[in-house]
Amino acid sequence: MTVKLDRDGYVSVITLRNPPNNHLGLGTISELADAFDSADSDSRVRVILLRSEGRVFCAGADLVNANPVADPLPPGTRSPFYVAAARLYGVRTPVVAAVQGAAVGAGLGLALVADFRIATPEARFVANFVQLGLHPGFGISAVLERVIGRQRAAMMLLTGRRIRGEEAERWGLVDQLVPAESLYDTAMALAQEIAAAAPLAVASTRATLRGDLQALVAAATDHELAEQAVLMRTEDFAEGVRAVTERRPGRFVGR
């Protein structure tokens with residue numbers, strides 16, 4: 001199992017454990033969605049705290065060894081990977097994420113699932129899809145601008161630029177920046193603060209604030225998948241994957 005589910009009072013602690021980089025494959029994201037659903041259906045749980053083990057929060061989907069969105073699907077069929085991603089957005093329970101190290105690609109998408117993100121100065125947030133020759137996925141094309149605004153989202157999505165902890169906090173992508181040794185305790189303190197409020201009122205207020213976010217993500221991932229399916233057949237995508245594997249800039253030709 002790559003996901004661990006614990007409970008601390010009213011807080012369900014969900015831990016991603018897929019070393020060394022906490023990559024997401026179909027199995028792992030399905031486990032995460034199951035854990036979210038389990039916590040959401042537990043009347044003793046009022047807040048979910050999402051965290052991961054190791055130095056990296058989540059380095060995204062494993063595009064080299066087991067690309068979870070690359071397999072061709074019949075027309076009109078939804079990607080199981082993105083169905084699981086949309087399930088994460090469907091929980092009624094508030095989510096606090098503790099982010100250390102890199103949140104890259106689908107890892108950024110995972111961080112965006114949370115209502116609040118507590119991070120370390122060493123954290124970095126990267127939407128590196130265009131550097132892979134790929135369209136953004138995981139609903140990021142729809143959700144990121146809701147968090148940081150259209151212009152800053154465009155900056156991240158069209159450049160693939162790394163946004164480090166301090167800048168992420170200024171942009172509102174991170175709610176609080178704390179030293180690594182304080183990360184879990186600070187995230188837990190926020191989770192407990194939310195859990196101490198009236199749970200029905202919290203759920204009602206959160207539902208109003210999030211609106212149709214799950215439906216938005218489901219529609220966005222359908223569009224993202226269609227665009228990715230086209231781009232994955234290009235020379236540029238093959239070069240992007242090679243460049244990542246070889247740790248060098250891509251040499252793209254527009255084909």
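The hydrophobic cluster containing V126, built from Ile/Leu/Val/Met/Phe/Trp/Tyr side-chain heavy atoms closer than 4.5 Å, also comprises V104.
Atom CG of L112 is separated from atom CG of L173 by 6.5 Å, given to the nearest 0.5 angstrom. Rounded to the nearest 0.5 Å, atoms CD1 (I29) and CZ (F81) are 4.0 Å apart. Here the straight-line distance linking atom CG of L24 with atom SG of C58 works out to 3.5 Å at 0.5 Å rounding. The CG atom of L134 lies 4.5 Å from the CD atom of Q228; values are rounded to the nearest 0.5 Å. Considering CG of L49 and CD1 of I14, their distance stands at 9.0 Å, rounded to 0.5 Å.
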Run the numbers on R17 and V3 for side chain to side chain contact (heavy atoms under 4.5 Å, CB included), then give the verdict. CA-CA 6 Å; R17 305 187 301 175; V3 175; over 6 Å; no
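In terms of heavy atoms, S38 sits closest to S41 at O-OG, 3.0 Å. A pairwise comparison of heavy atoms in A127 and L108 identifies CB-CD2, 3.8 Å as the closest pair. Shown here for V45 and S12, the closest heavy-atom pair between the two residues is CG1-CB, 3.7 Å.
For the pair T208 (side chain) and S204 (backbone), a donor-acceptor distance under 3.5 Å is present. Side-chain N or O atoms of N18 include none that pairs as donor or acceptor with a backbone N or O of T28 at under 3.5 Å. Remark: the backbone N or O of H23 is not paired with any side-chain donor or acceptor of N21 at under 3.5 angstrom. Put simply, the side chain of R117 never gets that close to the backbone of A98: no donor and acceptor are under 3.5 Å apart. The closest donor-acceptor contact from the side chain of T205 to the backbone of V202 lies at 3.5 Å or more, if one exists at all. Using a distance-only test at 3.5 Å, with no hydrogens or angles considered, no donor-acceptor pair links the side chain of E169 to the main chain of V174.
Residues passing the salt bridge (charged side-chain N to carboxylate O under 4.0 Å, His left out) test with R247: none are found, sequence neighbours excluded. Shown here are the salt bridge (charged side-chain N to carboxylate O under 4.0 Å, His left out) partners of R162, two or more places apart in sequence or in another chain: there are none. Residues satisfying the salt bridge (charged side-chain N to carboxylate O under 4.0 Å, His left out) criterion with D6, sequence neighbours excluded, are K4. In terms of the side chain to side chain contact (heavy atoms under 4.5 Å, CB included) criterion, residue partners of Y10 (sequence neighbours excluded) are, by chain and number, R46, A195. Every side chain to side chain contact (heavy atoms under 4.5 Å, CB included) that E239 has, sequence neighbours left out, goes to R242, A243, R248, R251, F252. The side-chain hydrogen bond (donor to acceptor under 3.5 Å, both in side chains) check on R206 picks up D115, with sequence neighbours excluded. Looking at residues two or more places apart in sequence or on another chain, you find a side chain to side chain contact (heavy atoms under 4.5 Å, CB included) between V253 and E235, D236, R255.
L50 and F116 are not part of a single hydrophobic cluster, where members link through side-chain heavy atoms under 4.5 Å apart. Both F36 and V99 are part of a single hydrophobic cluster, where members link through side-chain heavy atoms under 4.5 Å apart. One hydrophobic cluster, built from ILVMFWY side chains closer than 4.5 Å, holds both V113 and F129. V47 and L88 end up in different hydrophobic clusters when Ile, Leu, Val, Met, Phe, Trp and Tyr side chains are linked at under 4.5 Å. Both F57 and I48 are assigned to one and the same hydrophobic cluster, defined by single-linkage of ILVMFWY side chains at heavy-atom distances under 4.5 Å.
Within the 4.5 Å cutoff, the side chain of T221 has no heavy atoms near those of the S79 side chain. E227 is not listed as a side-chain neighbour of V230, based on a closest heavy-atom distance of 4.5 Å or more. Taking the side chain as every heavy atom from C-beta outward, L213 and L216 approach each other to under 4.5 Å.
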Show me, pair by pair, the donor-acceptor contacts under 3.5 angstrom made by side chains of residues 176-189, not counting sequence neighbours?
from : atom 1 : to   : atom 2 : distance (Å)
T186 : OG1    : S182 : O      : 2.8

For residues 135-161, run the donor-acceptor check on the side chains, cut-off 3.5 Å, and write out each pair with its distance to 0.1 Å, sequence neighbours left out.
from : atom 1 : to   : atom 2 : distance (Å)
S141 : OG     : E224 : OE2    : 2.6
E145 : OE2    : R150 : NH2    : 3.3
R146 : NH2    : R210 : O      : 3.4
T159 : OG1    : M155 : O      : 2.5
T159 : OG1    : R161 : N      : 3.0

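Counting only residues at least two apart or on different chains, the side chain to side chain donor-acceptor pair (under 3.5 Å) pairs with a member in residues 96-107 are S52-Q100. A side chain to side chain donor-acceptor pair (under 3.5 Å) check over residues 87-97, counting only residues at least two apart or in different chains, returns the pairs D34-R87, D37-R87, D40-R92, D40-T93.
Annotation: R55, atom CZ; neighbour count of heavy atoms from other residues, nucleotides and ligands within 6.0 Å does not exceed 12. In the displayed structure, E193 atom CD is contacted under 6.0 Å by at most 12 heavy atoms of other residues, nucleotides or ligands.
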